[in-house]
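Notes follow once the structure below has been shown.
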Amino acid sequence: MADIVDVEPSGMSAAQWIRECNALARTYSDMPLIDLHGVLRARILGQCWHTRVYRYPKKGMLRRFYDRTGWSMFSKRLERTNVPQRYAMALDAAPPERQQVLPRIFLDDSDRYGALGALKGLQGRAPLVALHPYATHPSKQWPAEHWDELTNQLTQAGYDWVCVGRDDVPLFTDHERDLTNRTGLRQTCAVLERADVLITNDSGPMHLASAVGTPVVALFGPTAPAWGFYPAGAKDIVLERELPCRPCSLHGKRSCSRGLECLASITPYEVVKAVDTVLAPERD
């Protein structure tokens, strides 16, 4: 039986947070603390804890070196483990295999029934490709015109497709295959589960698809797999460009003076070919 304690440290003063930390330490005095965040407020919680505190190798200094220099010697060291592997190293000396720490989301019949309703009339016998063209930061979004051309090429290649996600400005306005803002989180996961592959920017749904067992074709631009937030399924494919300015950001917040060449130079044709590669066994 697990307890979920909802706190909002950003709305507290330092003194209030310390009091909250002491209260948590007293309530769970017989349990160890596993810190998977490593920021200041988590460190304060660790200082208040009465039993053992476990922390994971965040590799913050190595990330800073790579961010400042772009040197491949740093990226290669970072890419040896992804974030879930590093989380596991809070308790284990050696990282597990990437396949062993893939995320998992468990859906129920109501979730899947909702997905069937959302996809009614949109899914035939052809492989279904889910598209997620959105991202929290605009600099992580593949150009809109590329997504538009991609849908044409997917149709010509014999694929069905649907667009999922949430955004203030849906990309395919009034298109019957655009499910933007029409499904909740769990229903979206169920739609992704029914899809044969997801094409996505570096974003949350990339991980949701992995968590329901759907292969991913991920488009990376200002961010990079070296940060550890990349899809790690056996069939997953990351498309990116080796440019001297990449990566320019940890989360994609910085603006770009080069027209987002890192993303714009990835063509819809390449993406369709990646989909073909992912689904080759199923289409043979």
Side-chain angles (χ1 to χ4, degrees), residues 1-11 36-37 82-84 87 98-99 101-123 127-142 144 147 150-151 160-220 223 227-233 235-236 238 250-253 275 278:
M1 186 70 177
D3 294 333
I4 298 177
V5 181
D6 184 15
V7 296
E8 184 48 64
S10 61
L36 299 182
H37 207 186
N82 62 16
V83 169
Y87 284 164
R98 293 173 187 176
Q99 307 299 312
V101 287
L102 288 174
R104 292 287 304 278
I105 292 175
F106 299 93
L107 301 173
D108 58 31
D109 290 342
S110 64
D111 301 322
R112 295 187 173 99
Y113 183 79
L116 285 173
L119 291 170
K120 186 176 181 180
L122 303 180
Q123 185 178 16
L128 179 64
V129 180
L131 313 178
H132 182 257
Y134 312 115
T136 302
H137 304 294
S139 62
K140 292 203 297 185
Q141 296 181 5
W142 200 41
W147 287 105
L150 176 64
T151 61
D160 286 334
W161 62 270
V162 292
C163 179
V164 299
R166 304 195 73 80
D167 199 80
D168 292 337
V169 184
L171 189 59
F172 303 102
T173 306
D174 296 329
H175 197 293
E176 63 175 357
R177 293 189 173 274
D178 189 0
L179 303 182
T180 303
N181 301 328
R182 290 167 53 189
T183 56
L185 180 59
R186 293 188 65 84
Q187 191 178 8
T188 298
C189 290
V191 170
L192 292 175
E193 184 185 53
R194 292 193 64 84
D196 294 282
V197 62
L198 170 69
I199 303 170
T200 179
N201 301 309
D202 174 17
S203 61
M206 176 177 71
H207 304 294
L208 297 180
S210 295
V212 295
T214 298
V216 169
V217 174
L219 311 172
F220 274 69
T223 56
W227 301 144
F229 303 104
Y230 55 86
K235 295 183 178 181
D236 295 344
V238 172
L250 177 59
H251 299 295
K253 294 181 180 180
V275 171
V278 170

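This one's a predicted model, so the numbers in the text were calculated from it and none came from an experiment.
Side chains of S110 and D108: a donor-acceptor N/O pair is present below 3.5 angstrom, by distance only.
The closest donor-acceptor contact from the side chain of Q99 to the backbone of A232 lies under 3.5 Å. Checked by atom type and distance alone, the side chain of N201 pairs as donor or acceptor with a backbone atom of P133 at under 3.5 Å. Checking side-chain atoms of R177 against main-chain N and O of L122 turns up a donor-acceptor pair under 3.5 Å. With R98 contributing its side chain and G233 its backbone, the two residues share no donor-acceptor pair below 3.5 Å. Under a 3.5 Å cut-off, the side chain of W147 and the backbone N or O of W142 do form a donor-acceptor pair. Without hydrogens or angle criteria, Q141 side chain to A135 main chain gives a donor-acceptor distance under 3.5 Å. A donor-acceptor pair is defined here as one N or O able to donate and one able to accept, closer than 3.5 Å; such a pair exists between the side chain of T188 and the backbone of G184.
Here the side chains of L119 and L179 are in contact, with some heavy-atom distance below 4.5 Å. Put simply, the side chain of V217 does not reach to within 4.5 Å of the side chain of L198, judged on heavy atoms. Proximity of V216 to V197: side-chain heavy atoms (C-beta onward) are nowhere separated by under 4.5 Å. Within the 4.5 Å cutoff, the side chain of V164 has no heavy atoms near those of the P205 side chain. Taking 4.5 Å as the limit, some side-chain heavy atom of L150 sits within range of a side-chain heavy atom of L131. Side chains of D196 and T214 form no contact here, defined as non-hydrogen atoms less than 4.5 Å apart.
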Exercise for the section: List the steps, then state whether side chain to side chain contact (heavy atoms under 4.5 Å, CB included) holds for L107 with V212. Expected result: CA-CA 8 Å; L107 301 173; V212 295; 4.1 Å; yes

Handout entry: Pair D167-T180, side-chain hydrogen bond (donor to acceptor under 3.5 Å, both in side chains): steps then yes or no
Key = CA-CA 7 Å; D167 199 80; T180 303; over 6 Å; no

Problem - Derivation of the side chain to side chain contact (heavy atoms under 4.5 Å, CB included) call for V162 and L128 - result: CA-CA 8 Å; V162 292; L128 179 64; 4.2 Å; yes

Practice task
Dump the intermediate steps for side chain to side chain contact (heavy atoms under 4.5 Å, CB included) on F172 and T151, then the final yes or no.
Solution key: CA-CA 10 Å; F172 303 102; T151 61; 3.6 Å; yes

Exercise for the section: In sequence, state the C-alpha distance, the side-chain angles, and the governing distance for W227 and T223, and then conclude on side chain to side chain contact (heavy atoms under 4.5 Å, CB included). Expected result: CA-CA 8 Å; W227 301 144; T223 56; 4.2 Å; yes

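Separation of atoms CG (D111) and CD (Q187) is listed at 8.5 Å; rounding is to 0.5 Å. Interatomic distance, SG of C163 versus CG of L171, reported as 6.0 Å (0.5 Å rounding). From L208, atom CG reaches atom CG of L192 across 6.5 Å, with rounding to the nearest 0.5 Å. Summarising the geometry, atom CD belonging to Q123 is positioned 7.0 Å from atom CG belonging to D160; distances are rounded to the nearest 0.5 Å. For the atom pair R194 CZ and C189 SG, the distance stands at 14.5 Å (nearest 0.5 Å). Interatomic distance, CE of M206 versus OH of Y230, reported as 11.0 Å (0.5 Å rounding).
Open room surrounds CG on D109; 12 or fewer heavy atoms of other groups in view lie less than 6.0 Å from it.
The shortest non-hydrogen separation linking P84 to G228 is CD-O, 4.4 Å. Considering all non-hydrogen atoms of both residues, F229 and F220 come closest at O-CZ, 3.4 Å.
With sequence neighbours excluded, the residues forming a ring-ring contact (aromatic ring centres under 6.0 Å, His included) with H175 are W161, listed by chain and number. Partners of Y134 by ring-ring contact (aromatic ring centres under 6.0 Å, His included), not counting sequence neighbours, listed by chain and number: H132.
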